[in-house]
Novice: 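Structure provided below as structure tokens; questions to follow.
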Amino acid sequence: MFTSFTLLALAGGAFRFGTGLLLARKWNLTISLPQLFAVGLVVLAALPDLIKPLPFPFPLGLTLGFVLPDLIIARRS
């Protein structure tokens with residue numbers, strides 16, 4: 001079956017897709033993060049608990065699923 005990492009990544013992607021769809025339909029807004037900030041979030045989620053500079057409550061799979069479109073697609077303003 002699927003691993004918990006894969007399921008969390010799918011859940012993060014589904015949450016991102018649903019939130020983006022709602023914002024686009026209701027207020028004509030799009031979700032977008034700068035790529036450097038997205039990489040920073042992924043690195044912060046991947047660090048072990050002992051060396052995290054601040055507590056980050058989301059697991060790596062969920063974070064990766066949420067910011068993956070920003071890492072793949074470069075959007076221009």
Side-chain angles (χ1 to χ4, degrees):
M1 296 302 261
F2 293 113
T3 63
S4 60
F5 178 80
T6 307
L7 291 174
L8 283 171
L10 288 173
F15 180 74
R16 167 78 182 251
F17 178 73
T19 306
L21 197 61
L22 280 172
L23 287 173
R25 286 188 179 177
K26 189 145 179 124
W27 291 294
N28 199 18
L29 295 173
T30 58
I31 299 174
S32 158
L33 293 174
Q35 285 185 339
L36 186 62
F37 185 67
V39 168
L41 285 176
V42 170
V43 168
L44 186 60
L47 286 175
D49 287 334
L50 287 172
I51 59 173
K52 283 187 181 179
L54 57 124
F56 191 73
F58 302 111
L60 177 62
L62 190 65
T63 305
L64 190 61
F66 191 76
V67 301
L68 193 62
D70 294 318
L71 294 174
I72 293 173
I73 302 168
R75 295 184 180 144
R76 300 201 191 330
S77 309

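Numbering of residues begins at 1 and proceeds along the displayed sequence. All values below come from the heavy atoms of this structure, side chains included, with hydrogens, waters and symmetry mates left out.
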Novice: If Ile, Leu, Val, Met, Phe, Trp and Tyr residues are connected whenever their side-chain heavy atoms lie under 4.5 Å apart, and connections chain through other members, are I73 and L41 in the same group?
Specialist: yes
Novice: Same hydrophobic cluster for L62 and F2, using side-chain heavy-atom links shorter than 4.5 Å among ILVMFWY?
Specialist: no
Novice: Is there a side-chain contact (heavy atoms from CB on, under 4.5 Å) between L64 and F5 once you walk through the steps?
Specialist: CA-CA 10 Å; L64 190 61; F5 178 80; 3.8 Å; yes
Novice: Tell me, yes or no, whether the heavy-atom count around F15 atom CZ, taken from other residues, nucleotides or ligands under 6.0 Å, exceeds 12.
Specialist: no
Novice: Given the rule that I, L, V, M, F, W and Y join up when any side-chain heavy atoms are under 4.5 Å apart, are L68 and F37 in one cluster?
Specialist: yes
Novice: Do V67 and L7 share a hydrophobic cluster, counting only Ile, Leu, Val, Met, Phe, Trp and Tyr and linking them when any side-chain heavy atoms are less than 4.5 Å apart?
Specialist: no
Novice: When you measure from the side chain of R16 to the backbone of I31, do you find a donor-acceptor pair of N or O atoms at a distance under 3.5 Å?
Specialist: yes
Novice: Would a hydrophobic clustering, with Ile, Leu, Val, Met, Phe, Trp and Tyr connected at side-chain separations under 4.5 Å, put L44 with L36?
Specialist: no
Novice: Compare every heavy atom of D70 with every heavy atom of S32, then report the nearest pair and how far apart it is.
Specialist: CA-OD1, 3.8 Å
Novice: Show the numbers, then the answer: is there a side-chain contact (heavy atoms from CB on, under 4.5 Å) between F56 and T63?
Specialist: CA-CA 10 Å; F56 191 73; T63 305; 3.4 Å; yes
Novice: Looking at side-chain heavy atoms only, is the closest gap between L60 and V42 below 4.5 Å?
Specialist: yes
Novice: Is F58 atom CZ crowded by more than 12 heavy atoms from other residues, nucleotides or ligands, each under 6.0 Å away?
Specialist: no
Novice: Check P69 against G65 and note the closest heavy-atom contact, atom names and distance.
Specialist: CD-O, 4.0 Å
Novice: Clusters formed by hydrophobic residues whose side-chain heavy atoms approach within less than 4.5 Å: which one holds L21, and what are its other members?
Specialist: F17
